[in-house]
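Ligands are counted one by one from 1 in listed order, and the atoms in each one are counted from 1 as well. The first residue of the sequence shown is numbered 1, and numbering continues consecutively from there.
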Amino acid sequence: MKLRILVTNDDGIYSPGITALAKVASRFADVRIVAPDVEQSSMGHAITSSRPLRYRHTPLAGNIEAYRVNGTPADCVALGVYQWERVDLVFSGINLGLNLGNSCWHSGTLAAAKQAALLGIRGVAFSMPVEDTEPDFSTLEPWLERVINVLIRETTISLVNVNFPQHPRSIRWTRQSVRHYDGKVVAAEDPQNRPIFWFTVVPLTEAEEGTDRWAVLHDYVSLTPLRLDLTDEKSLRAASKEAPVDG
Ligand code: MN
């Protein structure tokens, strides 16, 4: 039975990143794109519960079967899995912008892969740096193919966050970096002198060795296996011992 890969993203169905990913994925599997009709970056794992969703066929270049959804990345995965009788893997991306460290909390790209894992399907998120020029997928393509080859075979890993540097030289397994957060608040004023606020990215310098951020800084493709269980085992043990509650 031929492998089936559902491809989605958070940049929207017309992003060049999703066609680049679908093109390489189709060398390994039957591919179907189900993606948001407009950009949904930084929407995290939001789902649409207060209005209905639409699933509309969308012709795309490269002749890959594609559908657009008026919802979030997580909606696209839930609906895409519902509409296809079998899905073996969900790929999300390629996001135009890295998703390293704490951005895992608000990334829509990663949320789509998480939604797959929640449904018992392996999910992989792919991100690359964004520059002023048109993204160059030709440099990335052989690396993307190598990564997909590894992840298709590693069937025990259910959720992986992949980040590409601009010019990869090798691939590394990494941990999630947690030291920095890039959502700094900067205050400004609107034309009527009322206060407004921007979230901005703080330029980061150092990174802990072995982390996703460190890997990308050193031109490695970063593969971070993640899990859905957020329980802090150490605190759970300590709390049960030091602060026992009823029972
Ligand atoms: Mn995005």
Side-chain angles (χ1 to χ4, degrees), residues 5-25 31 33-48 53 58 60-61 64 66-80 89-118 123-137 139-141 143-144 147-148 159-166 176-177 180-184 198-204 212-213 216 221-224 226:
I5 300 177
L6 183 75
V7 176
T8 191
N9 72 354
D10 77 354
D11 290 340
I13 197 162
Y14 301 108
S15 165
I18 199 167
T19 33
L21 177 57
K23 185 181 138 196
V24 178
V31 168
I33 291 176
V34 179
D37 57 357
V38 293
E39 183 172 354
Q40 298 280 331
S41 290
S42 299
M43 290 296 280
H45 207 132
I47 54 166
T48 302
L53 293 171
T58 304
L60 286 185
I64 289 168
Y67 301 87
R68 68 187 190 277
V69 174
N70 56 331
T72 65
D75 291 335
C76 291
V77 173
L79 196 48
L89 280 151
V90 171
F91 284 179
S92 179
I94 307 168
N95 189 62
L96 302 184
L98 294 165
N99 279 305
L100 300 165
N102 288 328
S103 65
C104 290
W105 292 99
H106 58 247
S107 163
T109 307
L110 184 57
K114 278 193 289 163
Q115 180 65 36
L118 284 173
V124 186
F126 299 90
S127 305
M128 65 185 282
V130 67
E131 303 245 306
D132 288 341
T133 51
E134 191 88 351
D136 177 18
F137 297 109
T139 317
L140 224 60
E141 239 186 67
W143 293 97
L144 179 58
V147 168
I148 292 176
L159 181 60
V160 184
N161 187 27
V162 180
N163 282 277
F164 294 97
Q166 202 75 53
Q176 182 192 2
S177 147
H180 301 282
Y181 180 65
D182 63 8
K184 190 189 177 198
W198 289 99
F199 273 118
T200 61
V201 174
V202 183
L204 301 171
D212 51 5
R213 189 179 302 285
V216 170
V221 178
S222 164
L223 311 185
T224 312
L226 298 171

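The side-chain heavy atoms of Leu140 and Met128, taken from C-beta on, include a pair separated by under 4.5 Å.
With Asn99 as the partner, the side chain to side chain contact (heavy atoms under 4.5 Å, CB included) test is satisfied by one option alone out of Ser127, Ser92, Ser41, Cys104: Ser127. When Thr109, Leu21, Leu110 are each tested for a side chain to side chain contact (heavy atoms under 4.5 Å, CB included) with Asn95, only one passes: Thr109.
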>> Between Tyr14 and Thr58, does the side chain to side chain contact (heavy atoms under 4.5 Å, CB included) criterion hold? Intermediate values first, please.
In response: CA-CA 10 Å; Tyr14 301 108; Thr58 304; 3.5 Å; yes
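Only protein N, O or S atoms were considered, and those under 2.8 Å from the Mn ion (ligand 1) are Asp10 OD1, Asp11 OD1, Ser41 OG, Asn95 OD1.
Classified by interplanar angle (parallel below 30°, tilted 30° to 60°, perpendicular above 60°), the ring pair Phe91/Phe126 is perpendicular.
Residues satisfying the side chain to side chain donor-acceptor pair (under 3.5 Å) criterion with Asp136, sequence neighbours excluded, are Ser138, Thr139.
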